[in-house]
Amino acid sequence: MISWNNMDTLASFQELMKTERVNLVEAMTGENGAERVKKYSIPMAEGLVYNYAAKQVDDTVLAGLVKLAEEAQLTDKFQAVYNGEVINTGEKRRVLHHMTRGQLGENVVADGVDKRSFYVEQQQKIADFANKVHAGQITNAAGEKFTTVVQIGIGGSDLGPRAIYLALENWARIHNTLKMEAKFISNVDPDDAAAVLNSIDVAHSLFILVSKSGTTLETLTNESFVKDALKKAGLDASNHMVAVTSETSPLAKSDDYLAAFFMDDYIGGRYSSSSAVGGAVLSLAFGPEVFAQFLDGAAAEDKLSLNKDVLNNPAMLDALIGVYERNVLGYLCTAVLPYSQALSRFPAHLQQLDMESNGKSVNRFGEPINYETGPVIFGEPGTNGQHSFYQLLHQGTSIVPLQFIGFKNNQIGTDVVIQDSTSQQKLCANVAAQIVAFACGKSDENRNKNFEGGRPSSIIIGDQVNPKTVGALLSHFENKVMFQGFVWNVNSFDQEGVQLGKVLAKRVLAHDTDGALKVYSDLLNI
């Protein structure tokens, strides 16, 4: 039977607090470091590898983390998720995003519907629609093919799909599978929509409106902005609009859309990239076969998260090391540093995934908790970040754990040799150097040039950024966040923290304000 207990009541956590701290400089210097790099490594799906040698752990700490995983019942709780129990206690909902890419356990029937069949049905509807668009069977009013697809959505309707599109855009060009260019409108700032509309030919563009409820203020505002642009171009908006929404939303059966594809309340926005939210735009952009490969990669990594052996379960171990860093070592932040320009927006997606899920100060029963929960997540691609904020990471007063992601090969398949090495070799040399520099540091009598080291990092290494590896990466981090939420005993699947600002914004727009809210409204000329 599953028990939901606060982390500080677990005996294994109290033991973990007493473990001797690892001297990372000593552990990673010389032959010690060489042995650790070989030892502390776990295979992931699709040829990826999770290496945690430069983390501040040893066999004693790892044994403590295994005990914590067992006492916190992480495997049993994941099983409850994929078997359809009501895990989202705040909204009294199941959590079924794993089911969009595979069946991990029992059939889940909700609202009289087999959910796996429902998600597959929506994927097939999207695939059929995308194939007809690509074949010129669905066209604009002039009978011409659509060449651009624009996603209108915010939060999880934008960040994940945008990150994945950018990750695979160049790969798709190389492999001749870029069917349509994709653009994204998210911010209610009119400059966002205007910039996209000014960069495309609206007559040959399809627009995907993504809103589960059909009431998202920013999204509906941007839809109106787009419809106005279509009208000014002499075009019927209903020939250019597609909806991704729930079956019960006002958008579901509207004549304003060429087609509607459905999601449901059991998939949260930040977990929705493998649902119709990502499926529609990615299938139109790259073809349904590429989206299917992405789902296969995610499903393969999901299966690894079932492993009861913590030291061979990369997402669970990554999560537990993160808990150790946050709650035992006291580190506030985590930097996500992909050494791949293709993953330029992946840290932004992980910001929402992690901080919206585990940025909680009450447990899943609404009771205050007495320990730290989710870290602050930030990041940029290397090597750009090295010339931006790495100064603080190397020599600042705060230690920030680092999560590197690197690939042996680029996407283009070609490279140039400059000064006896290729660009890709230079990129990989930088990430290898950074891991050791952060861990080992460098002594110097000139204190300004002294590096204390002891700055922990892990790295996920793959062969190439492609649909399957991107799917596996997405699954890894989704499951990592889920496991951390279980340890902290928080509900990782609601987000009440975004609601208060929405309520007050509606009051401002209705001119129902007083006090500081009225003064700020006046200052902003609302």
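On a predicted model such as this, the values are computed, not experimentally measured, just so you know.
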Item to complete: Check the pair Asn363 / Asn6 against side chain to side chain donor-acceptor pair (under 3.5 Å), numbers first and verdict last.
Response: CA-CA 7 Å; Asn363 67 15; Asn6 285 4; 3.1 Å; yes
One thing to verify: whether [Y] and [X] come together as a salt bridge, which I'm taking to mean a side-chain N less than 4.0 angstrom from a carboxylate O.
X	Y	result
Lys67	Glu71	no
Lys55	Glu325	yes
Glu367	Lys360	no
Lys480	Asp318	yes

Would you call the rings of [X] and [Y] parallel, tilted or perpendicular, taking 30° and 60° as the class edges?
X	Y	value
Phe389	Phe378	perpendicular
Phe129	Phe261	perpendicular
Phe346	His349	tilted

Worksheet item: Using the benzene-type ring in the case of Trp, are the ring centres of Phe286 and Phe294 under 6.0 Å apart?
Response: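 Here the rings of Phe294 and Phe286 have centres that are no less than 6.0 Å from each other.
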Worksheet item: Does Phe118 have its ring centroid less than 6.0 Å away from the ring centroid of Phe262?
Response: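 When the ring centroids of Phe118 and Phe262 are compared, they turn out to be at least 6.0 Å apart.
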Discussion item. For the residue pair Ser274 / Thr100, report whether a side-chain donor-acceptor contact shorter than 3.5 Å exists.
Written reply: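 Ser274 and Thr100 do have a side-chain donor-acceptor pair below 3.5 Å.
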Item to complete: List the steps, then state whether side chain to side chain contact (heavy atoms under 4.5 Å, CB included) holds for Leu258 with Met241.
Response: CA-CA 6 Å; Leu258 278 169; Met241 305 288 292; over 6 Å; no
Item to complete: Kindly indicate whether a cation-pi arrangement holds for Arg94 with Tyr266, taking the cut-offs as under 6.0 Å to the six-membered ring centre and within 45° of the axis.
Response: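 Yes, Arg94 and Tyr266 form such a contact.
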Fill in: Steps toward side chain to side chain donor-acceptor pair (under 3.5 Å) verdict (Gln103, Lys115)
CA-CA 10 Å; Gln103 185 90 37; Lys115 299 312 294 184; over 6 Å; no
